[in-house]
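Chain letters run A, B, ... following the sequence lines, proteins first and then strands; every chain starts at 1.
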Number of protein chains: 2
Amino acid sequence: MLQTSARLLKLLSLLEMRRDWAGDELAGRLEVTTRTVRRDVDKLRELGYPVHATTGTAGGYRLGAGASMPPLLLDDEEAVAIAVGLGAVVSAGVGGMEETSVRALAKLEQILPPKLRKRVGAFRSHTVGINFGGETVDASVLTLLANACRDHDRLRFEYRAHGGSESYRITEPHRLARAGRRWYLLAWDIDKADWRIFRVDRITPVTPTGPRFTPRELPDPDVSAYIGRKVTIGAYQTKVRATLHCPAELARQRIPERYGTVTPIDDETCELESRADNVDGSAYYLASFGWDFEVHEPQELKDRLAELATRLTKAAGA
Amino acid sequence: MLQTSARLLKLLSLLEMRRDWAGDELAGRLEVTTRTVRRDVDKLRELGYPVHATTGTAGGYRLGAGASMPPLLLDDEEAVAIAVGLGAVVSAGVGGMEETSVRALAKLEQILPPKLRKRVGAFRSHTVGINFGGETVDASVLTLLANACRDHDRLRFEYRAHGGSESYRITEPHRLARAGRRWYLLAWDIDKADWRIFRVDRITPVTPTGPRFTPRELPDPDVSAYIGRKVTIGAYQTKVRATLHCPAELARQRIPERYGTVTPIDDETCELESRADNVDGSAYYLASFGWDFEVHEPQELKDRLAELATRLTKAAGA
DNA sequence: TCCCTTGAGGACAGGACCTGTCCGCAAGCG
DNA sequence: CGCTTGCGGACAGGTCCTGTCCTCAAGGGA
């Protein structure tokens, strides 16, 4: 019964929208009797979505957190907000779990009504990006690649090689992965008849995507490791060592374990050790804490800091 | 029929998961005949979710983008990724549409299974935050406040006033809003019997939330404007004027309209004018472009840059 | 061009399911 | 104690669902 299914969905949407609902209200909204509401609530429960109910004057229904994830019923604005937000996170590479985020974003964008997609696009172009020293990647390119991987669609794109020369590639995209601060695409290059790793920020995809292909066996089951091996230069290569003039506890609060390790020296200072792929990023990151610090290595970072200091001195004026 | 509804949901989930599905496959997954699959597909279409179908050898079903947003069926990982990502965006205040993002996040967290919620929490604490000069706000505090506003739950919290003194507040929370780089809560303070505006980063909420209350008429229908008027100090108050040593076009590419206006001076330089609430933020932002620049006002920003330059000189070592 | 594959959809029959109505019960709350 | 609100059994009429069978239509490959 279509009406029943639609009503169940609507009921779920109502329950997600507000926390407490009286049976009466729900019945009114759904245009059925309260008896039917009770039955529908039961159905949701049978489907595994725990709807709590309380009796008495202030009673009502309330959707709880269950064992599995219920369908998310978003209104237009929320959908746009998630697309924009997730896009910002993904393209800046913050938050961790990058691949999954891209997958989720791709899923969302695929079913996003065109009207909303436009709004997302408009927002992305007018929004201050999170850009923390590293290059950002266009979120729409990422979702396009993610979808092509998922759907085994052949992909054609312009690729700007390191030297600046452009080439036209026809590929069978297999995986999207992050290494360091960059996104990479692992794909089978048709013309070269071999696996290639492409930097996503150098890709300009050609739409529409091509015909479907049958996936090949990957050159290595652990794609991240494979990319990490192949893309030797750049990613998380340089060791950074610095003394921070602040208590270790404070530093630990501000600096996530993921970024690096903090070792106390005395009550007032501590040592930070981490790896960075991007000297600029590290420079801004260290500067942003507001503590005094000294960098011991790499020299490159010290040079960059000196350079930055010069620029800022000039910027501050006479 | 429960089975039918559940099957429709499962069908939708399958269609969201992969792009192309053969009728056979779907029938197998759903354990019904292909005839029933066809009928179910029809039902989805009637519900407004456009399912395209192609005949022939490479035929199959495919979910398209419709007029309205279909329910998002996320797997566990995707749900966690969205919660983490959106949390990062919201607490850093990037991406725009802050209020809606918080609403969406609150909705998601409310139905997030406890197991996943733990994973989200773990991730948040181990993750490098986006922290661009401004204070970040705890995403879980924000969602808690958003939910309290939505559900009209009384809220108790510890509040650290400007001077550092703590007070215990019992409030009726009404709205959450951003002004400048900060989050504010507009609430009715029970003890003071008046409206108060609280900075979210100074709030430590006490769980659980209290009993429900009936919302009052807001002191001003335009809450942002109201907060903007009341919170005179800080928010987007200072005018920033700087000369950038780069072509105007380039600057316009990097600097979103939202942040400020760029006026060309000559082919090599341009002027940037914007407003900032946060001198630190502006300092890092300007520095991050990699162009030479000079700040004309405010003096505070120049001081900060000079200070930063000193620190960086020291950091770069002898 | 022909044939195979795959989706579309009408007809049919048996059965499952849904809904509204009526009613007695239980649990909060004042 | 009484009011409000949710719970759920029973019942009857009607709707809807499913599998089966069959004929078409539209791509794609040989």
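Atom NZ in B/Lys43 sits about 11 Å away from atom P in D/dC16, given to the nearest Å. A/Leu11 has its CG atom 14 Å from the P atom of C/dC18, to the nearest Å. Atom-to-atom, NE2 of A/His52 to P of C/dG28 comes out at 15 Å; the value is rounded to the nearest Å. Regarding B/Gln3, its CD atom lies at a distance of 13 Å from the P atom of D/dC17, rounded to whole Å. Rounded to whole Å, atom P of C/dA8 lies 11 Å from atom CG of B/Leu26. Between the CD atom of B/Glu31 and the C1' atom of D/dT18 there is a distance of 15 Å, rounded to whole Å. Following rounding to the nearest Å, B/Asp24 (CG) and C/dA8 (P) show an atom-to-atom distance of 13 Å. Between the P atom of C/dG20 and the CZ atom of A/Arg7 lies a distance of 7 Å, rounded to the nearest Å.
Both tests pass for B/Arg18 against the ring of B/Trp21: distance under 6.0 Å to the centre and angle within 45° of the axis.
Taking 4.5 Å as the limit, some side-chain heavy atom of A/Phe157 sits within range of a side-chain heavy atom of A/Thr171.
For the residue pair A/Arg150 and A/Gln110, a side-chain donor N or O sits within less than 3.5 Å of a side-chain acceptor on the partner.
Below the 3.5 angstrom threshold, one finds a donor paired with an acceptor across the side chain of A/Arg35 and the base of D/dG9. Side-chain atoms of B/Arg38 stay outside donor-acceptor range of the base of C/dG7, with no qualifying N/O pair under 3.5 Å.
In this structure, A/Thr54 does not reach the C/dG28 phosphate: none of its side-chain N or O atoms is under 4.0 Å from OP1 or OP2. Here A/Thr33 does not reach the OP1 or OP2 of C/dT19: none of its side-chain N or O atoms lies under 4.0 Å away.
Residue whose closest nucleotide on DNA chain D sits further toward the 5' end, between B/Asp40 and A/Trp21: A/Trp21. Closest-nucleotide positions on DNA chain C for A/Val32 and B/Gly23 were compared, and the one nearer the 5' end corresponds to B/Gly23. With DNA chain C read from its 5' end, the first of the two nearest nucleotides for A/Thr36 and A/Thr55 is the one closest to A/Thr36. Of the residues near DNA chain D, A/Gly60 and A/Arg39, the one whose nearest nucleotide (by heavy atom distance) lies more toward the 5' end is A/Gly60.
Among A/Tyr226, A/Phe213, A/Trp188, the single residue meeting the ring-ring contact (aromatic ring centres under 6.0 Å, His included) criterion with A/His174 is A/Phe213. When the options A/Thr4, A/Leu9, A/Leu11 are evaluated for a side chain to side chain contact (heavy atoms under 4.5 Å, CB included) with A/Arg7, the one that passes is A/Thr4.
With distances taken from any side-chain atom of A/Asp42 to the nucleotides D/dC7, C/dC29, D/dG8, the minimum falls on D/dG8.
Residue A/Arg45 is in sugar-phosphate contact alone, with no base atom involved, counting any heavy-atom pair closer than 4.0 Å across all strands shown.
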